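For reference, the structure discussed in these notes is given below.
All of these numbers come straight from a predicted model, not from anything done at the bench. Atom set for the values below is all heavy atoms of this structure, side chains included, hydrogens, waters and symmetry mates excluded.
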Amino acid sequence: MDEIILTPESSSVRAIAYSKATRELMVRFESGTYYYLEVPARVWREFKAAESKGGFVNDVLKPLFDVRSSQA
């Protein structure tokens, strides 16, 4: 991952990260880690700026991008 950001201000999201090379966006929750695939850099920038990280996951990432998960 090119950039990893801890998100203590979020009640659900613990950390987020992005790889420009693979266009993979990682979201870490207490319950596990999810990797959203083929995410444009523009969406990564919007996610970083989003006031609610959990809301962004639900409103943008889940409906638009394929995901794979791994256990925490």
Side-chain angles (χ1 to χ4, degrees):
M1 296 286 159
D2 299 320
E3 185 176 7
I4 300 170
I5 300 171
L6 300 178
T7 55
E9 72 282 359
S10 176
S11 61
S12 60
V13 176
R14 298 293 165 241
I16 60 175
Y18 184 72
S19 170
K20 290 178 188 174
T22 62
R23 293 175 34 135
E24 192 170 79
L25 191 156
M26 182 274 296
V27 181
R28 181 172 297 136
F29 296 92
E30 287 289 329
S31 60
T33 302
Y34 295 83
Y35 298 88
Y36 293 89
L37 311 176
E38 297 300 322
V39 177
R42 170 189 55 79
V43 174
W44 167 242
R45 289 189 300 271
E46 291 171 1
F47 189 30
K48 290 191 300 182
E51 188 171 319
S52 170
K53 301 299 188 259
F56 194 91
V57 169
N58 289 326
D59 296 342
V60 178
L61 297 179
K62 284 183 180 181
L64 297 178
F65 300 99
D66 290 333
V67 66
R68 68 179 174 83
S69 64
S70 66
Q71 294 301 324

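Summarising the geometry of Val43 relative to Val60, their closest heavy-atom pair is CG1-CG1, 4.4 Å, with the distance given to 0.1 Å. Minimum heavy-atom separation, Ala15 to Leu6: CB-CD2, 4.0 Å. Gly54 and Ser12 get closest at one heavy-atom pair: CA-OG, 3.9 Å. Contact between Glu24 and Tyr35 at its shortest, heavy atoms only, is OE1-CD2, 3.6 Å.
A perpendicular orientation is assigned to the rings of Tyr34 and Phe29, their planes being inclined by more than 60° (bins at 30° and 60°).
The distance from the CE atom of Met26 to the CD1 atom of Ile16 is 8.5 Å, given to the nearest 0.5 Å. Here the straight-line distance linking atom OG of Ser52 with atom CG of Asp59 works out to 8.0 Å at 0.5 Å rounding.
For the side-chain contact (heavy atoms from CB on, under 4.5 Å) with Leu25, the lone residue among Leu61, Val67, Leu37 that qualifies is Leu61.
With a 4.5 Å cut-off on side-chain heavy atoms, Trp44 and Glu3 count as touching. In this structure, the side chains of Tyr36 and Val57 come closer than 4.5 Å at one or more pairs of heavy atoms. Using a 4.5 Å cut-off on side-chain heavy atoms (C-beta onward), Glu51 and Phe56 make no contact.
Listed for the Ser69 side chain is no donor-acceptor partner under 3.5 Å among the backbone atoms of Thr33. Checked by atom type and distance alone, the side chain of Lys53 pairs as donor or acceptor with a backbone atom of Lys48 at under 3.5 Å. Under the 3.5 Å distance criterion, the side-chain polar atoms of Tyr18 are matched with a main-chain donor or acceptor of Val39.
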